[in-house]
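The structure appears below as structure tokens.
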Amino acid sequence: ETQATAVARLKQYAASWPDRLRLGDGVALLGAGSRTGKSHLACALARTIATLYDMRVEDRALAYLNASIFLNSWRNFYARPAQATDFEEHGKIYRGLMDAEHRAFNAKLLILDELGEASGTEFTGGKLYSLVEYRVSQLLPIVVTSNLGWSDLARRYGADGARIVG
């Protein structure tokens, strides 16, 4: 679809936000290559919803999560065990990751940006599945951006991939 079509669709989504929230309806901006404005559109949608319905990031009603950075951060955290000399720093990193994860799980609207950029491992697939499954079960909308289409995302994350995009 053209960017003008996507903008019109997102404006309609924002205008119907109370219904979207009640139903747990999300939206996906997929494919079309990189640097086409998907992330910008997703953030503009969040800003529009926040303005129209008096939602604030400080209230944790909105959350932005770059999937690649988030998943790679978790993977790197577990790949490097805490040494006795850096235990306090390791704890700070863990608490920061847990805080970001908590916001992603519980915000009324989650922007899950760059899905598919993180390498597809059992760990990343499992983390994504837990997040998506929880939000779907709680009827919490997700706005997904990715350079990949649904079938490519399903392949990227292996056994959990089909469940993530299904």
Side-chain angles (χ1 to χ4, degrees), residues 6 10 13 20-21 24-47 49-50 55 57-83 86-166:
L10 294 176
Y13 183 93
R20 303 296 184 150
L21 178 60
D25 287 346
V27 66
L29 301 166
L30 305 176
S34 59
R35 306 197 56 81
T36 59
K38 293 180 294 295
S39 299
H40 176 79
L41 287 174
C43 290
L45 172 64
R47 182 178 298 269
I49 290 170
M55 295 169 57
V57 173
E58 300 84 36
D59 298 334
R60 298 182 179 231
L62 304 168
Y64 171 90
L65 189 68
N66 180 297
S68 179
I69 292 171
F70 178 70
L71 293 169
N72 288 335
S73 295
W74 267 116
R75 195 173 58 240
N76 292 339
F77 174 81
Y78 284 119
R80 193 186 127 249
Q83 303 298 316
D86 69 353
F87 186 72
E88 186 175 322
E89 181 64 23
H90 200 72
K92 286 179 187 176
I93 294 169
Y94 178 78
R95 286 187 299 279
L97 288 168
M98 287 301 297
D99 185 54
E101 188 170 284
H102 179 77
R103 284 192 315 271
F105 269 74
N106 295 296
K108 287 182 180 176
L109 177 64
L110 171 64
I111 306 296
L112 186 57
D113 197 20
E114 301 293 344
L115 184 61
E117 291 299 312
S119 60
T121 65
E122 187 175 326
F123 176 79
T124 56
K127 274 284 189 197
L128 283 173
Y129 176 74
S130 295
L131 173 61
V132 171
E133 180 62 23
Y134 177 81
R135 291 192 61 86
V136 167
S137 73
Q138 299 300 308
L139 299 176
L140 293 169
I142 307 171
V143 175
V144 174
T145 73
S146 179
N147 292 334
L148 304 176
W150 288 124
S151 59
D152 293 327
L153 285 168
R155 282 192 294 278
R156 166 75 52 125
Y157 294 109
D160 287 312
R163 295 187 304 174
I164 292 167
V165 302

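The structure displayed is predicted, hence computed values, not measured ones. The analysis underlying the following values was restricted to heavy atoms, covering all of them including side chains, and did not include hydrogens, waters or symmetry mates.
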Practice task
Would you give the length of the straight line joining atom CG of Leu65 to atom CZ of Phe105, rounded to the nearest 0.5 angstrom?
Solution key: 10.0 Å
Practice task
Could you tell me which non-hydrogen atom of Lys38 sits nearest to which non-hydrogen atom of Ser146, and how far apart they are?
Solution key: CE-O, 3.2 Å
Problem - Side chain proximity check, Lys127 to Glu101, heavy atoms < 4.5 angstrom - result: yes
Handout entry: Between CG on residue Leu109 and CG on residue Leu21, distance to nearest 0.5 Å
Key = 8.5 Å
Problem - Check: Lys92 and Arg95 side chains under 4.5 Å, non-hydrogen atoms - result: yes
Handout entry: Nearest heavy atoms of Pro141 and Asp25, plus distance in Å
Key = CB-O, 3.2 Å
Practice task
Check the pair Leu131, Ile142 against side chain to side chain contact (heavy atoms under 4.5 Å, CB included), reporting the backbone distance first and the verdict last.
Solution key: CA-CA 10 Å; Leu131 173 61; Ile142 307 171; 5.8 Å; no
Problem - Which atom of Ser39 lies closest to which atom of Glu114, heavy atoms considered - result: OG-OE2, 3.6 Å
Exercise for the section: May I ask you to decide if Ala107's main-chain N or O and Arg135's side chain share a donor-acceptor pair within less than 3.5 Å? Expected result: yes
Completion exercise
Rounded to the nearest 0.5 Å, the CD1 atom of Ile69 sits from the CD atom of Glu117 at a distance of 10.5 Å
Completion exercise
Nearest heavy-atom contact between Leu45 and Leu10 is CD1-O, 3.4 Å
Problem - Residue of the set Leu30, Ile111, Leu29, Val27 for which side-chain contact (heavy atoms from CB on, under 4.5 Å) holds with Val144 - result: Leu30
Problem - Distance, nearest 0.5 Å, that separates CZ of Arg20 from CG of Leu139 - result: 14.0 Å
Handout entry: Nearest heavy-atom neighbours spanning Thr145 and Ala42
Key = CG2-CB, 3.7 Å
Problem - Pairwise salt bridge (Lys or Arg N to Asp or Glu O under 4.0 Å) hits with a residue in residues 63-73, at least two apart - result: none
Completion exercise
d(Phe70 CZ, Leu128 CG) to nearest 0.5 Å is 8.5 Å
Completion exercise
When every non-hydrogen atom of Ala50 is compared with those of Leu62, the smallest separation belongs to CB-CD1, 3.4 Å
Practice task
Could you tell me how the ring of Tyr94 sits relative to the ring of Trp74: parallel (under 30°), tilted (30 to 60°) or perpendicular (over 60°)?
Solution key: perpendicular
Fill in the blank from the handout: d(Leu110 CG, Arg103 CZ) to nearest 0.5 Å is 10.5 Å
